Amino acid sequence: VVRRHKQHIRAQVPPGAFFFIKEILERLLEQNPREKQLLYNLGIVCSELGELDRSASLLEEALVTDPLDANVYAALGFTYYKLGKNQKAR
């Protein structure tokens, strides 16, 4: 299901757009550093760009702001898995 969802997202985003989206989200995050949705979205974009350590860090920050968000837990677990941190991914 996750793989199919990610393929759907990639099909809708033109090549190179993730770099542009990242730049916008980073600017917004400078103005709102504790905004969970910005942390989450930037974490997802960084993951798509292969910036896995940064992705994990952003998603961990998002969890601090809302420790009950299942979407953040899922994204963070998947990022840990991609980093080879299988124990943390559980």
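What you are looking at is a predicted structure, and each value in this text was computed from that prediction instead of being measured.
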| said: Please report the interatomic distance CG(Leu59) to CG(Leu42), rounded to the nearest 0.5 Å. | reply: 9.0 Å
| note | Nearest heavy-atom approach of Ile44 to Ala75 is CD1-CB, 3.6 Å
| What residues form a salt bridge (Lys or Arg N to Asp or Glu O under 4.0 Å) with Glu61, not counting sequence neighbours? | none
| remark: Nearest heavy-atom approach of Thr79 to Ala56 is CG2-N, 3.8 Å
Distance-only criterion, 3.5 Å: show the donor-acceptor pairs between side-chain atoms of residues 31-41 and protein atoms not counting sequence neighbours.
residue: Asn32; atom: ND2; partner: Leu28; partner atom: O; Å: 3.4
residue: Lys36; atom: NZ; partner: Asp66; partner atom: OD2; Å: 3.4
residue: Lys36; atom: NZ; partner: Asp69; partner atom: OD2; Å: 2.5
residue: Asn41; atom: ND2; partner: Gln37; partner atom: O; Å: 3.2

| said: Test: salt bridge (Lys or Arg N to Asp or Glu O under 4.0 Å). Region: residues 12-27. Which pairs qualify, not counting sequence neighbours? | reply: Lys22-Glu26, Lys22-Glu51, Glu23-Arg27, Glu26-Arg54
| task | Could you tell me which non-hydrogen atom of Ser47 sits nearest to which non-hydrogen atom of Ser55, and how far apart they are? | result | CB-OG, 3.5 Å
| message | According to a hydrophobic-cluster definition based on side-chain heavy atoms being under 4.5 Å apart (Ile, Leu, Val, Met, Phe, Trp, Tyr only), do Val45 and Phe19 belong together? | response | yes
| said: With rounding to the nearest 0.5 angstrom, report the CG to CG distance, Asp53 to Leu58. | reply: 11.0 Å
| Is there a path of hydrophobic side-chain contacts, each under 4.5 Å between heavy atoms of I, L, V, M, F, W or Y residues, that connects Val64 with Leu76? | no
